[in-house]
Amino acid sequence: MKKNTNTRFLFGGQDRPRKDNFKGRSGEKRKKQLLSIKERKVDALDKEIADIRSRYSQIETSKISSFTDFPLSKRTLEGLRIAKFATPTDIQREAIGLALKGNDVLGAAKTGSGKTLAFLIPVLECLFREKWSHMDGLGALIISPTRELAYQTFEVLKRVGNRHDFSAGLVIGGKHLREETVRLNRTNIVICTPGRLLQHMDETFNFTADSLQILVLDEADRILDMGFAQSMNAIIENLPSERQTLLFSATQTKSIKDLARLSLNNPVYVSVHENAAHSTPTQLEQSYIVCELHDKMNILWSFVKNHLKSKVLIFMSSCKQVKFIFECFRRFRPGVTVLCLHGGMNQLKRVAAYREFCRKKHAVLFATDIAARGLDFPAVNWVIQMDCPEDANTYIHRAGRTARYEKGGEAMLLLLPSEEEAMVQHLKDKKIPIECIKVNSKKIWSIQNKLESNCAADPSLKEMAQRAFLGYLRSVFLMSDKKVFNVHKLDIEEYSRSLGLAIAPKVRFLKRDQKRLEEKAAKIKKKIKDKQVEEYESDDLSESESRLNPKIASGSESGSESDEDIDSENDSDQSEQSESENKNSHVTENKSNQEMNFDVDEDDVDDLFTVKRVELEDDSEEELEKSEKLEKPKSKAALAKKLQKQKITVNTKIQFDEEGEEIENKMKKPVVKKTFEDDEDEGGINIQVARQRMMEEDKFDKQLFRERIKQKHKEERIKKKEKMREKNKKKDDDDDDDQEEGVELEGTEDTDQLIAELPDPDKIYGRESGEEDDSEEEESDDESPRKKAKIDFDSDEDSESEYNSEKDSSENEEDSDGDSVTMDTGLTIEGDEELALKLLKS
Ligand SMILES: Nc1ncnc2c1ncn2[C@@H]1O[C@H](COP(=O)(O)OP(=O)(O)OP(=O)(O)O)[C@@H](O)[C@H]1O
């Protein structure tokens, strides 16, 4: 069959320029011929359309076993044939007929059941019936929640709509806006994400949706939830009310409030699996395991290592986690291709990762919830939900990335002990058959050491780990379902360690939240106390009154009143307490309300509309980061002023000994205390005084240092004398007493003579640098290098070095002390012992 028409995919790069073939006489002739052909074609087209329309009323769902049984255009049927779609699925059988008849349709069917074709076929047929051409502008609008899903739908449209003569365009973020702007006015079918579409509606000159025929919301419940509320309301305002609307999702909304926004016209609800026993595909095997947060990394690694011949999709709560875990796995090389997909990636990388995962037979893809809905990766064996999904609907969509269209697949969910009860209940309520399985701890491989060493060696990886840590905590903190998610129950320290971090990063938002809760609780406590005091005082008053007026006291009414008072007091206590609890929970809820703007539909008894967070990946985190950044930076001067006002003493260092007792700084205290006692209260802010004080301390230190050196020299001399005495003792036992006297009489002529008789110790032991310095210190004046070192030593810049120097010198002192006691015989320990025994015997 000759290919006579073609859908032009403007943004897919197939917008071919047409040649001018009608020049000259032969051109005129050809023009006439073509016109007559065209007229005949138009006639045939009109006839075909009329025929199709006439058959709409005869559509019987039960009799449809093939697409050819539908009254569809030849072009659509040809497209379906080429794409190898022959037999419609349940949802296609039910929904296509209704949509062809012009109804507004709410389509619901399990994941992977073919909803895409269920709306693409009516879109093509709708424009075909209207003989839509590129001159007519926008005729159909298909809105998807993510770029990947829009891209995927566009690809299916290209295959199925190949024989039609419509222009189609993909309008998603991350692409060149200018290029889209030029072509948008000539596009008949636009597949888009809400944000980018709204941008065009606001900014693109001449872009109008006035003639729109059909609107499709894929993943309608997500598109209509609060995350897209603002954009969608603005988009809907720009659409004509006279149009057909199709809504599809595996977890369809029935919320009247949502649907009212779309001004649907007698919508027909098509839910092919409503009466099914389960809401997930029958061929999907589902299980969950309960584990601690800090075990997740090891479990994940072990799972991947045990499934190298599988295609695995792993979901996490935040971009930061995906980034970090992907990077770790990439470095550790598990033996299978690892990929990642999250909102923080640029569009090219996103598409590349999507395509790569589609193409690969065995691979692991780490992803956020941007991959949770609609994506049709072929032959995924496993879906692992590493973090608990925000609700049962998200679970259904994530798990639905496997076991698609008659294929099998497995899904596993990791739950924390604190999440298990409530989440499993939610899943059961949604008719999700899920079983708890146990992890064989023997088969778990630990990557703890690897993570720790890698984080320690590479600061960039460590930073990624810190971000992942915060990303996860934030995501839990922002979850609206507080029955499932309780960030305060998480073992933060252990979790940070499991990511390879030695120290857990500060979690400011948690601290702020904790502080707010504590302040609230303190306020309530104070209120209760005040109330109790008031009541106590009034009791006192009434008691003294009753003493004055016994009649009042004995009155039965007052007695009952006081009983009531006690009750009411208890009640009020209780109510206050419960109020405080409520308020506490409100605080977190209010917080989440602020962050999430959630909206509850009171009419929705079926709980099909579930509260969602605003944009899943980046926004909440960015907002938090922004709010942190917005805080005015404080200068050191402002901080000092503040401290001065508050009379806080800074720059004081207290040292403690091993028993925890405060060590008094004997070196400085006497001088400093006398002269500058009053100044200490000023918190070290007065620079003049500080300088003066330093100079004083410097003088004092020098003095002290000299004394210490003298002392040291004295000890050394004693030591040498002792050694000498030992030697002499061996030679001549009779001289012992004299030598001992000589040691005691330090500094006398005898001693000096004795030292002079000694061999040069430098020749024997080698010259020690410390000795050299010491002697220089004693001899030299201010200009010596030693003096310079001394100034550094005393400067405030590095109190730690001061501490160390002091410590060193004290250690040296200890050494010298030790030396003075220990006799170096030059023998081994055994030799020493032998010598000691001999001496004792003698
Ligand atoms: N009639 C059909 N015959 C054969 N395969 C089909 C048919 N319809 C759809 N499929 C295939 O089934 C798979 C799932 O289809 P689709 O992506 O439309 O499911 P879905 O219901 O939209 O899933 P989700 O709820 O996850 O978005 C696709 O690979 C598609 O090619």
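One-based numbering, in listed order, for ligands and for the atoms of each. Any value given below was found using the heavy atoms of this structure, including those in side chains, with hydrogens, waters and symmetry copies removed.
Residue contacts with ligand 1 leave out Ala109, since none of its heavy atoms falls under 4.0 Å from the ligand. For Glu406, the heavy-atom gap to ligand 1 stays at 4.0 angstrom or more. Look at Glu219 and you'll find a heavy atom under 4.0 Å from some atom of ligand 1. Ligand 1 has Gly112 within reach: a non-hydrogen atom of the residue lies less than 4.0 Å from it.
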- Determine, stepwise, if the pair Phe366 / Phe329 fulfils ring pair (Phe, Tyr, Trp, His ring centres under 6.0 Å). CA-CA 10 Å; Phe366 299 103; Phe329 275 60; 5.0 Å; yes

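Just one of Arg373, Arg350, Gln347 meets the side-chain hydrogen bond (donor to acceptor under 3.5 Å, both in side chains) condition when paired with Glu148; it is Arg350.
Met423 contributes atom CE, which lies 11.5 Å from atom OH of Tyr288 (distance to the nearest 0.5 angstrom).
Taking only non-hydrogen atoms, the option from Ile396, Leu120, Asp376 nearest to atom 14 (C) of ligand 1 is Asp376.
Atom numbering of ligand 1 starts at 1 in the shown order; those under 4.0 Å from a heavy atom of Arg404 are 14 (C), 16 (P), 17 (O), 19 (O), 20 (P), 23 (O), 24 (P), 26 (O). Annotation for ligand 1: atoms under 4.0 Å from non-hydrogen atoms of Arg401 are 26 (O). Close contacts between ligand 1 and Phe85 involve ligand atoms 2 (C), 3 (N), 4 (C), 5 (N), 6 (C), 7 (C), 10 (N), 31 (O) [criterion: under 4.0 Å to a heavy atom]. Proximity to Thr87 (heavy-atom distance under 4.0 Å) selects the following atoms of ligand 1: 1 (N), 2 (C), 3 (N). The distance from ligand 1 to the heavy atoms of Ser113 drops below 4.0 Å at these ligand atoms: 19 (O), 20 (P), 21 (O).
A salt bridge is defined here as a Lys NZ or Arg NE, NH1 or NH2 lying under 4.0 Å from an Asp or Glu carboxylate O, and Glu410 with Lys311 fails to meet this definition.
Of the protein's non-hydrogen atoms, Thr116 OG1, 2.6 Å is the one closest to atom 18 (O) of ligand 1.
Checked against a 3.5 angstrom limit, the closest N/O atoms of Phe67 and ligand 1 fall outside it.
Taking a 6.0 Å sphere around CD of Gln58, one finds it holds more than 12 heavy atoms contributed by other residues, nucleotides or ligands.
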